[in-house]
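Residues: numbered from 1 along the sequence shown. Bear in mind that the values here come from a model prediction, so they are computed numbers and not experimental data.
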Amino acid sequence: MALNASTTVPYDASTVVGVFTDEGFVRHMSEYVGGSLESLTVDGDTAGAFTLTAVRTMPTDRLPDMARKFVGQTLSVTQTERWDAPAPDGAREATVEMTVAGVPLNVTAVQRLVPDGAGTVVDLQGTVTSSIPFLGSKIAGAAEPMIGKALGVQAAEARKWLEKN
């Protein structure tokens, strides 16, 4: 399933990267959706190229009943973001991969932070796939809108976070 989501945050790309890599913010976002942050590592200086890996435990209450039968009450989700160094205009790009332990569901995407006037456009383009016979497309189809919606929620919460901190 195609994954396409875009939103604008009224801060520069460097500030957006700072909040997206802040352990307190990542923990807040995990708890905001009913999950918990198990670990967060940032390998490299966020001023240049770096890799962020977040492992979260997420509830399955929003998945279709047929999927919950297979996966249980929670899922362990690993999200890896490989960020390029900033472009001369401050734009950033990351390759994003999400895997779910014990479930053949994968998300691969490119997230871009593009300066736009007084803010930054946060754009995510990718795919959600599942190799479960017969049910894979239904599971991927159910996951795709949740992931797209998560970007909007992340941007809204980033604004609030930055205004408070």
Side-chain angles (χ1 to χ4, degrees), residues 1-58 75-101 103-131 139-163 165:
M1 305 297 304
L3 175 62
N4 302 300
S6 186
T7 190
T8 301
V9 181
Y11 295 94
D12 63 60
S14 177
T15 301
V16 174
V17 167
V19 75
F20 284 1
T21 59
D22 179 275
E23 184 170 351
F25 178 74
V26 176
R27 183 173 311 285
H28 165 74
M29 285 304 304
S30 300
E31 293 169 356
Y32 185 84
V33 297
S36 62
L37 179 65
E38 302 302 320
S39 67
L40 177 73
T41 57
V42 177
D43 184 20
D45 184 343
T46 59
F50 69 94
T51 300
L52 175 142
T53 304
V55 179
R56 297 176 177 94
T57 300
M58 304 298 291
L75 296 171
S76 177
V77 179
T78 300
Q79 179 173 336
T80 304
E81 302 175 0
R82 290 176 183 83
W83 286 88
D84 293 341
D89 68 352
R92 301 294 297 257
E93 183 172 295
T95 302
V96 180
E97 297 173 358
M98 291 176 69
T99 57
V100 181
V103 179
L105 178 72
N106 293 299
V107 176
T108 56
V110 173
Q111 181 167 326
R112 290 180 182 87
L113 304 180
V114 182
D116 181 44
T120 299
V121 175
V122 181
D123 184 67
L124 188 71
Q125 305 289 319
T127 59
V128 181
T129 59
S130 177
S131 61
I139 292 171
E144 183 272 325
M146 287 190 284
I147 295 166
K149 183 178 177 186
L151 177 65
V153 170
Q154 181 185 34
E157 289 300 305
R159 278 191 216 81
K160 291 178 192 174
W161 185 268
L162 287 165
E163 289 167 3
N165 295 310

Given the rule in the side chain to side chain contact (heavy atoms under 4.5 Å, CB included) test, do Glu93 and Val110 qualify, once you have shown the distances and angles that lead to the verdict? CA-CA 7 Å; Glu93 183 172 295; Val110 173; 3.5 Å; yes

Is Arg27 salt-bridged to Glu23, going by a charged N under 4.0 Å from an acidic O? yes

Looking only at heavy atoms, which two atoms of Phe25 and Gln154 are closest? And how far apart? CZ-O, 3.7 Å

Return the OG1 to CZ distance between Thr46 and Phe20, rounded to the nearest 0.5 Å. 13.5 Å

Apply side chain to side chain contact (heavy atoms under 4.5 Å, CB included) to Pro86 and list each qualifying residue two or more places apart in sequence or on a separate chain. Arg92

Result block: side-chain N/O donor-acceptor pairs under 3.5 angstrom for residues 33-42, not counting sequence neighbours:
unit_1	atom_1	unit_2	atom_2	d
Ser36	OG	Glu38	OE2	2.7
Glu38	OE2	Thr57	OG1	3.0

Output all residues satisfying salt bridge (Lys or Arg N to Asp or Glu O under 4.0 Å) with Glu31, sequence neighbours left out; order by chain, then residue number. none

Value for CZ (Arg82) from CG (Asp43), rounded to nearest 0.5 Å, stands at 10.5 Å

Using a strict cut-off of less than 4.0 Å between a Lys/Arg side-chain nitrogen and an Asp/Glu carboxylate oxygen, indicate whether Lys160 and Glu157 qualify as a salt bridge. yes

State which residues pass side chain to side chain donor-acceptor pair (under 3.5 Å) with Asp12; sequence neighbours excluded, sorted by chain then number. Thr15

With a 3.5 Å cut-off and sequence neighbours excluded, list the donor-acceptor pairs that the side chains of residues 49-56 form with protein atoms.
unit_1	atom_1	unit_2	atom_2	d
Arg56	NE	Ser30	OG	2.9
Arg56	NH1	Gln79	OE1	3.0

Taking every non-hydrogen atom, the tightest pair across Thr120 and Ala13: OG1-N, 3.0 Å

Considering residues at least two apart in sequence or located in another chain, which fulfil the side chain to side chain donor-acceptor pair (under 3.5 Å) criterion with Thr108? Thr127

Heavy-atom side-chain proximity of Val122 to Gln111 below 4.5 angstrom: yes

Would you say that Tyr11 contacts Val19 through its side chain, given a criterion of any heavy-atom pair below 4.5 Å between the two side chains? no

